[in-house]
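Chain letters run A, B, ... following the sequence lines, proteins first and then strands; every chain starts at 1.
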Amino acid sequence: DTGVSQDPRHKITKRGQNVTFRCDPISEHNRLYWYRQTLGQGPEFLTYFQNEAQLEKSRLLSDRFSAERPKGSFSTLEIQRTEQGDSAMYLCASSLGDYSNQPQHFGDGTRLSIL
Amino acid sequence: GDSVTQMEGPVTLSEEAFLTINCTYTATGYPSLFWYVQYPGEGLQLLLKATKADDKGSNKGFEATYRKETTSFHLEKGSVQVSDSAVYFCAQNTGNQFYFGTGTSLTVIP
């Protein structure tokens with residue numbers, strides 16, 4: 001069971017720099033989600049892909065954030081011109097099937113720290 | 001808008017005690033409801049789910065019933081174990097978006 005893999009586990013960068021995170025979902029899963037989680041809070045939905053199509057984005061998602069899933073397999077999340085408030089754990093999850101109520105499998109997350 | 005409100009923690013119980021963690025939701029449609037658990041040092045994993053009113057989800061001795069009339073999905077377990085110590089998240093989905101509660105930390109002491 002390979003599970004959902006995220007890379008890197010930790011990222012420390014200076015304010016204003018760009019960062020990119022990668023998520024490898026479970027291989028046969030067609031749905032992929034990105035979330036952000038801050039200390040003491042639950043995961044906050046950012047965006048969702050079905051295969052390679054990005055079907056939904058949170059209104060909270062700044063235009064500095066962009067996500068891709070070019071071949072319907074792995075996905076990347078890029079944050080441009082990082083700000084202090086971007087410090088958080090970024091979680092990726094994947095699921096299988098045509099319905100959104102299927103269980104999501106989460107990765108261990110990428111922890112971003114902005115200096 | 002759509003949201004989930006769950007009981008604040010932390011919760012500390014003795015082994016074999018009864019557990020209830022309250023969860024209520026606000027939704028414009030007919031959501032599916034979930035409980036996720038995060039054990040120390042691990043990622044979130046699904047504990048149980050219910051997809052329509054009056055459904056009961058159950059797993060590992062935990063249960064939760066989808067109550068449409070009270071918009072609730074409270075998590076219960078009759079006898080907790082030390083190994084149940086974790087953070088529990090209630091969640092709902094409407095359409096393709098998922099909404100999570102803030103999490104409730106549970107510590108079970110021997």
Review point. Above 12 or not: heavy atoms from other molecules or residues under 6.0 Å from CD of B:E15?
Key: yes
Practice item. Let me know if B:E42 has heavy atoms under 4.5 Å from chain A in its side chain, its backbone, both or neither. Key: backbone
Exercise for review: Please look at B:T102 and chain A and tell me whether the side chain, the backbone, both or neither of the residue comes under 4.5 angstrom of a heavy atom of that chain.
Suggested key: both
Exercise for review: Determine whether more than 12 heavy atoms belonging to other residues, nucleotides or ligands lie under 6.0 Å from atom CG of A:L39.
Suggested key: no
Check your understanding: Are B:W35 and B:V87 connected in a single hydrophobic cluster, I mean Ile/Leu/Val/Met/Phe/Trp/Tyr linked by side-chain heavy atoms less than 4.5 Å apart?
Key -> no
Review point. Applying the 4.5 Å side-chain criterion to the ILVMFWY set and letting contacts propagate, would A:Y35 and A:L77 be lumped into a single cluster?
Key: no
Check your understanding: What residue pairs, at least two apart or across chains, pass salt bridge (Lys or Arg N to Asp or Glu O under 4.0 Å) with a residue in residues 62-74 of chain A?
Key -> A:R64-A:E83, A:R64-A:D86
Study note, to complete from the structure: Rounded to the nearest 0.5 angstrom, the CD-CG distance for B:Q97 and A:L55 is 11.5 Å
Point to revise | ILVMFWY cluster, A:F106 and A:Y90 together (side-chain gap under 4.5 Å) | key: no
Check your understanding: Does A:Y48 use its side chain to pair, donor to acceptor, with the backbone of B:F98 at less than 3.5 Å?
Key -> no
Practice item. Give a yes or no on this: more than 12 heavy atoms of other residues, nucleotides or ligands lie within 6.0 Å of atom CD of B:Q81. Key: yes
Point to revise | Side chain, backbone, both or neither of B:Y99 within contact of chain A (heavy atoms, under 4.5 Å) | key: neither
Review point. Would you say the side chain of A:Q37 lies within less than 4.5 Å of the side chain of B:F89, judging by non-hydrogen atoms?
Key: yes
Review point. Would A:M89 end up clustered with A:L112 when hydrophobic side chains under 4.5 Å apart are linked, directly or stepwise?
Key: no
**Study point:** Heavy-atom neighbours of B:F18 CZ exceed 12 at 6.0 Å
**Key:** yes
Exercise for review: Find out if a path of hydrophobic residues (ILVMFWY) with successive side-chain heavy-atom gaps under 4.5 Å connects A:F74 to A:V4.
Suggested key: no
Revision key, fill the gap. Honestly, the part of A:E56 sitting under 4.5 Å from a heavy atom of chain B is side chain
Review point. Any side-chain heavy atom of B:F100 sitting closer than 4.5 Å to one from A:F45?
Key: no
**Study point:** Neighbourhood of chain A inside residues 44-76 of chain B, taking heavy atoms under 4.5 Å as contact
**Key:** B:L44, B:L46, B:K49, B:T51
Review point. So do the side chains of B:F34 and A:Q104 get within less than 4.5 Å of each other, counting heavy atoms only?
Key: no
